[in-house]
Amino acid sequence: MNKRYLVALDQGTTSSRAVVFTPEGDIMAASSMEFKQHYPHPGWVEHNPDDILFSQVESLRAAVRQAGISASEIAAIGITNQRETTLLWDRATGRPVHNAIVWQCRRTAEYVEKLKQAGHDTTIREKTGLVPDAYFSGTKLQWLLDHLDARERAAKGELCFGTVDSYLAWHLVKGHPHVTDATNASRTMLFNLHTQQWDKELLAIMDIPEQVLPKVVDTSRIIGMLDEDVLGAPIPVGALVGDQHAALFGQACVHPGDTKNTYGTGCFMLMNIGDEFRLSQSGLLTTMAWRLDGKPTYAFEGSVFMGGATIQWLRDELKMIATAADSEPVARSVPDTGGAYLVPAFTGLGAPHWSMYARGTLVGMTRGTSSAQIVRAALESIAYQSHDLLSAMARDAGQTPPSLKVDGGASANRFLMQFQTDIMNVPILRPDVLETTALGAAALAGLAAGVYRSPEDVARIWHLDREFTPAMSQKDRDKALAGWQRAVRAALYWAGDGE
Ligand code: ADP
């Protein structure tokens with residue numbers, strides 16, 4: 001039987017998903033299953049590793065059943081995952097020794113403060129491309145070793161650390177390989193992007209024995225065969241890749257300068273910066289885009305904390321709209337915001353403004369300001385924040401991207417996309433397959449299995465659904481951006497950061 005189909009396992013923060021693709025990149029079937037979030041203390045977030053595994057296997061089986069194909073027709077499986085979430089399990093039994101500590105969990109904020117106080121932030125930044133933060137796996141693993149008193153067992157090689165890709169590979173691939181890929185490794189704060197190795201100095205700083213770490217492999221590479229118990233046939237597992245990196249690949253951003261922005265709860269923007277490691281001057285992260293045949297491709301990464309979440313706030317707190325999709329007709333019902341700007345700095349501002357203390361600010365209102373104008377200002381704020389990220393990236397990379405590829409729930413909003421292209425003055429390209437994370441993982445697996453010959457070959461399965469082109473005059477753009485910058489200054493000033 002012809003092995004042609006590709007399957008992506010997309011293990012996310014709230015659900016596990018599986019998608020079956022044709023070799024042309026079309027979706028044949030998809031299935032997902034949500035699982036429980038655990039909040040043992042304020043600011044702490046955990047997942048039960050059994051839930052992760054169970055929901056992932058169930059959604060895989062359901063998707064394959066729904067596609068009506070047999071397991072032996074699958075050429076390869078790619079695994080993509082929520083990044084940074086940290087697991088620790090017993091090498092002899094495979095049993096987790098603690099719940100997974102989820103990327104959002106703030107329990108190690110004090111560990112990070114200590115690293116900074118000890119003056120390690122520059123070392124971490126220069127070696128890993130990251131700004132030290134409790135998001136990343138390093139201090140989460142440190143916490144587990146401390147609180148479980150497990151350092152000695154770890155040093156004897158009795159325990160395995162891994163991110164979700166590692167955990168799934170260990171449990172689903174025959175022979176239990178203890179591996180992770182370079183994109184996931186690049187989110188641990190322990191991986192040296194220059195040497196492509198776990199960094200001995202950083203391991204010493206965080207007191208982590210090397211024996212606990214997985215072997216780092218290329219992003220696209222057959223790591224083994226799916227255990228026959230899962231689908232009844234052995235299938236090559238051809239990719240492990242962090243979710244944002246998969247989306248960058250699935251958006252066919254395979255050349256330096258190619259950039260994508262995902263408009264979800266927050267926005268995640270990544271720009272391919274080629275094969276040379278570079279640090280941003282604006283506080284963006286440098287990350288591994290992917291590693292193919294031992295050769296790294298790097299990316300800049302930045303995020304907007306409040307993207308689609310701003311629209312949820314309008315819906316749930318201000319009750320100005322009934323559904324997120326209603327924001328579009330409501331925004332279009334007025335010609336402009338009448339000079340009002342919303343800066344949704346509810347949890348501070350990220351790159352390139354960086355203020356933990358900035359707070360939400362609504363400025364420029366008059367007696368005539370309507371709720372429709374506030375809804376419009378909210379949508380515009382998503383575009384302005386993304387604009388600021390893109391211009392920082394373009395400055396740091398020394399090149400403006402030829403276009404911006406978009407995906408995520410809020411990319412369905414045509415008003416937002418048109419305003420985005422107007423403000424950025426860069427064409428926006430929205431593909432027909434919006435499941436770019438799954439597509440990227442499937443494509444990377446297909447590359448390993450020989451379904452595709454090169455990343456350029458993969459780029460041919462990316463298809464445009466709709467292009468948005470700038471229609472705003474430079475004068476209007478300058479005026480709008482100047483107003484936004486003043487509004488941001490107001491949000492910073494409120495926090496005492498702008499004085
Ligand atoms: P996530 O993966 O972060 O859960 P999604 O990609 O599913 O996010 O997108 C959901 C987010 O997009 C929500 O915050 C929602 O408010 C926003 N959203 C969805 N549809 C629209 C729309 N038509 N206009 C504006 N925002 C939208």
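Every number for a ligand or one of its atoms is a count from 1 in the order of the listing.
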Applying ring pair (Phe, Tyr, Trp, His ring centres under 6.0 Å), run through Y167 and H171 and close with a yes or a no. CA-CA 6 Å; Y167 187 72; H171 282 88; 4.3 Å; yes
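Here the two rings, on Y263 and F268, have centers that are 6.0 Å apart or farther. Checked against the 6.0 Å centroid criterion, the rings of Y384 and Y341 qualify as a close aromatic pair.
Proximity to A309 (heavy-atom distance under 4.0 Å) selects the following atoms of ligand 1: 14 (O). In summary, the atoms of ligand 1 found under 4.0 Å from a heavy atom of T265, numbered by their order in the structure, are 1 (P), 3 (O), 4 (O), 8 (O), 14 (O). Atoms of ligand 1 found under 4.0 Å from any heavy atom of S327, numbered from 1 in the order shown, are 24 (N), 25 (C). When each atom of ligand 1 is checked for a heavy atom of G408 under 4.0 Å away, the hits are 6 (O).
Close N/O approach between A412 and ligand 1 is not found [any backbone or side-chain N/O within under 3.5 Å].
Side chain of T188 to backbone of L190: a donor-acceptor contact under 3.5 angstrom is found.
For the pair W143 and H98, the tightest heavy-atom approach, listed with the atom from each and the gap, is CZ3-NE2, 3.8 Å.
By the 30° and 60° cut-offs, the orientation of the rings of F35 relative to H47 is perpendicular.
The single protein non-hydrogen atom nearest to atom 26 (N) of ligand 1 is A410 CB, 3.4 Å, given as residue, atom name and distance. Of all protein heavy atoms, the one closest to atom 13 (C) of ligand 1 is Q312 NE2, 3.4 Å.
There is a protein heavy atom less than 4.0 angstrom from atom 9 (O) of ligand 1.
Nearest to atom 19 (C) of ligand 1 by heavy-atom distance, out of G266, S15, G409, G12, is G409.
Under a 4.0 Å heavy-atom criterion, E328 is not in contact with ligand 1.
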